[in-house]
**Student:** 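Below are the structure tokens for one structure; questions will follow.
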Amino acid sequence: MRGKGLSLRWQMVLIIVILPLLLLTPLLFLAGGEFRNQYREARLGKGHMITQQLRQHIDVVAPFIASVRDLPGLDRFLRDSISGQPELAFAALVRGDGIIVLHSTPGMVGQVLVDLNVPDTQELQLTVPQYGDLHLVVRRMTRMDISGQQLYGVVGAYSQVIDPPWLPWLSVAGTLLLALILLVLLQVFMRRAVLKPLEQLAEGAAIVGAGDLAFEIDSRRNDEIGFLARAFNNMGGRLRQMVTTLEQQVESRTAALARRNQQLEAVSLVAREAVTIQDLPTLLETTVSAISRQFGYYHAGIFWIDQSAEWAVLRAASSEGGRRMLARGHRLRVGQQGLVGTVAATAQPRIALDVGEDA
């Protein structure tokens, strides 16, 4: 015995959802990578701005000072630049050999930060003992230090802010969210456009199968479902016609069998009476009465051809009118135009559909 498989709904969902996901997943990962880059650039943009302002500040007063250490308010500028910026760890002015010239945190001047040997603006990712994992924005200054060393403006940003743990999973989350949205939309669409009409068709088939052949399914749609509904209704109409024809045939055959039974009963009755009744007039009277009663005829009569074979004489009748003719000695000439005369002459049965024309 085969196990129960997936329903039609879930088969369609899997097919329609998986195919777009196979096509969209690479695009989502590319879009996720682009978003990560833009996110990092937006977070590091503050560092670029601070280093650019630092270089411009130094370039403005450079002709008037012997050393950047003489620049008034530079250390305060570094402190204020990162104030209220929780993602920034520090801002500093550093020589090319890594010695800190000015720093936003007091007590850091003279310490070694990192060996800097970059041609211009760079972004470095490394671990600084005092701060942990950092992203460094490094910008080369146009003014040299008094010792002849190249100066660099450096801004440190915390790596957990620049590259948060959830950022690499953004593409995966976007893919899952898209799959969920597609799944919900497809469920709603298939429920309204496909599954509900199919359920109506199945319900209609069950109703017709239960015997209600007059039931019809709504077939106003112009798609395949509507075509199937119309075909189903046409099949129901043909079944109704077949059942009606069969019922008519059964009724006709039943009526024929009933008439045959009545005939057999009449013949049986006459046969029994013929055995028990020895008087001929009584036998004839019983015969016409049995024929009228069993077949529902308002009149039945028996004519007897006389010895001369010239006259057909009425010998028995079941109706009141017939009995009056019998009392008058009603007779018809053999061969005379009319039912009785013709039958008496030809000895062949005759049926008249209009006795007015064939009296």
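What's counted below: heavy atoms across the whole structure, side chains too, no hydrogens, waters or symmetry copies.
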**Student:** For this output row, return yes or no: ring centroids of Y131 and Y158 closer than 6.0 angstrom.
**Tutor:** no
**Student:** Suppose clustering is done on Ile, Leu, Val, Met, Phe, Trp and Tyr with side-chain heavy atoms closer than 4.5 Å. Which residues sit in the same group as V250?
**Tutor:**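 Other cluster members: none.
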**Student:** side-chain contact (heavy atoms from CB on, under 4.5 Å) with S81: which of V155, T51, I50?
**Tutor:**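 So, applying the side-chain contact (heavy atoms from CB on, under 4.5 Å) to S81 and each of V155, T51, I50, only I50 qualifies.
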**Student:** Return yes if some donor-acceptor pair links the side-chain N/O of R55 with the main-chain N/O of R140 below 3.5 Å, else return no.
**Tutor:**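 At least one qualifying donor-acceptor pair exists.
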**Student:** Checking the side chain of D306 only, and the main-chain atoms of A309 only, is there a donor and an acceptor separated by less than 3.5 Å?
**Tutor:** yes
**Student:** Within the supplied structure, the quantity of interest is the number of heavy atoms (other residues, nucleotides, ligands) at a distance under 6.0 Å from M235 CE; does it exceed 12?
**Tutor:** yes
**Student:** Restricting to non-hydrogen atoms, name the atom on V154 and the atom on L113 that form the minimum distance, rounded to 0.1 Å.
**Tutor:** CG1-CD2, 4.0 Å
**Student:** Strictly by modelled atom types, are H48 and E123 linked by a side-chain donor-acceptor pair under 3.5 Å?
**Tutor:** yes
**Student:** For R331, give me all partners under side-chain contact (heavy atoms from CB on, under 4.5 Å), at least two apart in sequence or on another chain.
**Tutor:** W311, V313
**Student:** Output yes when a side-chain donor or acceptor of S104 lies under 3.5 Å from a complementary backbone atom of F90, and no otherwise.
**Tutor:**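 It does not hold such a pair.
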**Student:** Could you tell me whether a side-chain N or O of T245 sits under 3.5 Å from a main-chain N or O of Q241, the two making a donor and an acceptor?
**Tutor:**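 Present.
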**Student:** Got a donor-acceptor contact below 3.5 angstrom from the N234 side chain to the R238 backbone?
**Tutor:** no
**Student:** Could you check whether Q150 and R95, counting side-chain N and O atoms only, form a donor-acceptor pair closer than 3.5 Å?
**Tutor:**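 There is no such pair (donor and acceptor under 3.5 Å, judged by atom type) between the side chains of R95 and Q150.
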**Student:** Sequence neighbours left out, what pairs pass side-chain hydrogen bond (donor to acceptor under 3.5 Å, both in side chains) with at least one residue falling in residues 295-305?
**Tutor:**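 Pairs touching residues 295-305 that pass the test: H299-S319.
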**Student:** Might you point out which heavy atoms bring K46 and L88 nearest each other, and give the distance in Å?
**Tutor:** CB-CD1, 4.4 Å
**Student:** Can a donor-acceptor pair be found, under 3.5 Å and without considering hydrogens, that links the side chain of S289 to the backbone of T286?
**Tutor:** no
**Student:** Please list, chain by chain and in numerical order, all residues satisfying side-chain contact (heavy atoms from CB on, under 4.5 Å) with E247, sequence neighbours excluded.
**Tutor:**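 Scan of E247 (side-chain contact (heavy atoms from CB on, under 4.5 Å), adjacent residues dropped) gives V243.
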**Student:** Please set out all donor-acceptor pairs under 3.5 angstrom arising from side-chain atoms of residues 71-80, sequence neighbours excluded.
**Tutor:**
none

**Student:** So, T342 and R350: side-chain donor and acceptor under 3.5 Å apart, yes or no?
**Tutor:** no
**Student:** When you measure from the side chain of Q111 to the backbone N and O of G107, does any donor-acceptor pair fall under 3.5 Å?
**Tutor:** yes
**Student:** Which residues pass the side-chain contact (heavy atoms from CB on, under 4.5 Å) test with S292, not counting sequence neighbours?
**Tutor:**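 Result, side-chain contact (heavy atoms from CB on, under 4.5 Å) vs S292: A300, S318.
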